[in-house]
Amino acid sequence: MAPRKISKGSTEASDLPINLLPVSMTQTQLPFLPFARPDIGEPEISAVVECLRSGWLTTGPRTKEFERRFADVVQPGAHALAVNSATAGLHLALEAVGVSPGDEVIVPDYTFTASAEVVRYLGAEPVFVDVDHSTLNVTVDRLEAAVTSRTKVIMPVHFAGLACDMDSILAMAQRRGLAVVDDAAHALPSTFRGRMIGSFATDASVFSFYANKTLSTGEGGMVVTSRSDVATRCGIMRLHGISRDAFARYVSTTPAWQYEVVAPGFKYNLTDIASALGLVQLERVFEMAKRRAEIAEQFLAEFADLPLLLPARALPGDIHSWHLFVARLTDDAPLSRDAFIDQMYARGVGCSVHFIPLHHHPYWRDTFALTPEMFPNSERGYRGAVSLPIYSGMTAEDVERVIEAVRGILDA
Ligand SMILES: *Cc1c(COP(=O)(O)O)cnc(C)c1O
């Protein structure tokens, strides 16, 4: 293959966090194409510089504005509370709905450990369910089958940005008197039957702004809720259990130094530096999603004849955020998933795996006696899963390079 000009967008491997690092050096002269890369332009950089010059770095006016605009995008009139990660947001949401020791929270086995770890923060027990084979999402039937008299919350995860069936899940939860807190880390700006994730009658929906998510502030997250009691509790608990935040202290008519601690809270507030970044990213969120969707459609068309199970599309008219493009090697593929990823790296293309199911991890496996037989779809999904590079900053050449690499390996 003749070397060709590649966009200057590619990242040095050494700049990447540990989970994005290539496992072997590239054998090509082309710069390494990472599996994920934040789409940060000059407007984001200027916004951050302006924040730095403003003299206000921590939670303040930019965060307030980010929260207001975020609510306007997903559900006008809802409460949006910025936090320093989705993990923090999920913890706050579960705390606010009253999860405590003895309670059970139903989570998918096929997710990131954060979804389940927050349940343990509160001394409660996660109950793991298998996912649907084709969507890798939880289904209402499996969720309902896992409900016991101790179940307090259901936590659907919109895997890769494909929305779960929120209508049936919410109907079941309501019938059973259960709270729903959705892990929407992948789901901006996903929709289900024309409504944005974050606009459903959940007790809270929690988004992530981690570096590889569809909107990034480096680290960050947002809790969206229509319940004012949940919003009030999350607002207090995200900042030490103090009943007003740093900014309010300076605009309020009560003395600036005055506050009350009403609970042993956490330190989960988002900085204005991050919010400055988030405000610009939010303006671009649909445009960035459009680019991801174009790339996904190109992959779906180009890979249709390969031994790959391709990711499910959203329902007609709905938005899939395409946070991830997870293709699965089928049993008739000429090589294993691990060998495939090695060969992609050898071609200078980064890949990842989403997810290593929770039942594979020693802590979850041993603490809750989890076995592969309990999660056949999750197990099968994991065995073939490869997350291919997909991000809004990919050039046409970057996309072509991924296609050539995948076809070169599988179309032999
Ligand atoms: C990224 C992610 C999280 C955690 O997000 P942070 O903002 O990094 O805390 C939670 N759940 C899922 C499914 C994720 O992919």
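Ligands are counted one by one from 1 in listed order, and the atoms in each one are counted from 1 as well.
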Practice task
Mark the output for K213 as yes if a heavy-atom distance to ligand 1 is under 4.0 Å, and as no if none is.
Solution key: yes
Exercise for the section: Give yes or no for whether the N/O distance cutoff of 3.5 Å, strictly under, is met between A88 and ligand 1. Expected result: no
Practice task
Report yes if T87 has an N/O atom closer than 3.5 Å to an N/O atom of ligand 1; otherwise report no.
Solution key: yes
Problem - Donor-acceptor contact present, side-chain T367 to main-chain W364, <3.5 Å - result: no
Problem - Close N or O approach (Y210, ligand 1; < 3.5 Å) - result: no
Exercise for the section: Name the orientation class of the two ring planes belonging to F303 and F325 (parallel below 30°, tilted from 30 to 60°, perpendicular beyond 60°). Expected result: perpendicular
Exercise for the section: Could you pull out all residues at least two apart from R69 that satisfy salt bridge (Lys or Arg N to Asp or Glu O under 4.0 Å)? Expected result: E65, E283
Handout entry: Atom indices of ligand 1 within 4.0 angstrom of S208 heavy atoms, with elements
Key = 5 (O), 6 (P), 7 (O)
Problem - Proximity of A114 to ligand 1 by residue part, where a heavy atom lies under 4.0 Å - result: side chain
Handout entry: G220: numbered ligand 1 atoms lying under 4.0 Å from its heavy atoms
Key = 7 (O)
Handout entry: A185, portion touching ligand 1 at heavy-atom distance under 4.0 Å
Key = side chain
Handout entry: Lys/Arg N to Asp/Glu carboxylate O, R284 vs D39, below 4.0 Å
Key = yes
Exercise for the section: Return yes or no for this condition: an N or O of E219 is under 3.5 Å from an N or O of ligand 1. Expected result: no
Handout entry: Check against side-chain hydrogen bond (donor to acceptor under 3.5 Å, both in side chains), D182 and H158
Key = CA-CA 8 Å; D182 53 336; H158 311 285; 2.9 Å; yes
Practice task
Give the ring-plane orientation class for H186 versus H323, where under 30° counts as parallel, over 60° as perpendicular and anything between as tilted.
Solution key: tilted
Exercise for the section: Could you list which atoms of ligand 1 come closer than 4.0 Å to a heavy atom of T111? Expected result: 13 (C)
Exercise for the section: Could you list all the side-chain hydrogen bond (donor to acceptor under 3.5 Å, both in side chains) pairs where at least one residue sits in residues 218-232, not counting sequence neighbours? Expected result: D203-R227, R227-D229
Completion exercise
Nearest non-hydrogen protein atom to atom 15 (O) of ligand 1, with distance, is H186 NE2, 2.6 Å
Handout entry: atom 10 (C) of ligand 1 - nearest protein heavy atom and its distance
Key = D183 OD2, 3.5 Å
Handout entry: Geometric cation-pi criterion, R337 with Y382: 6.0 Å, 45°
Key = yes
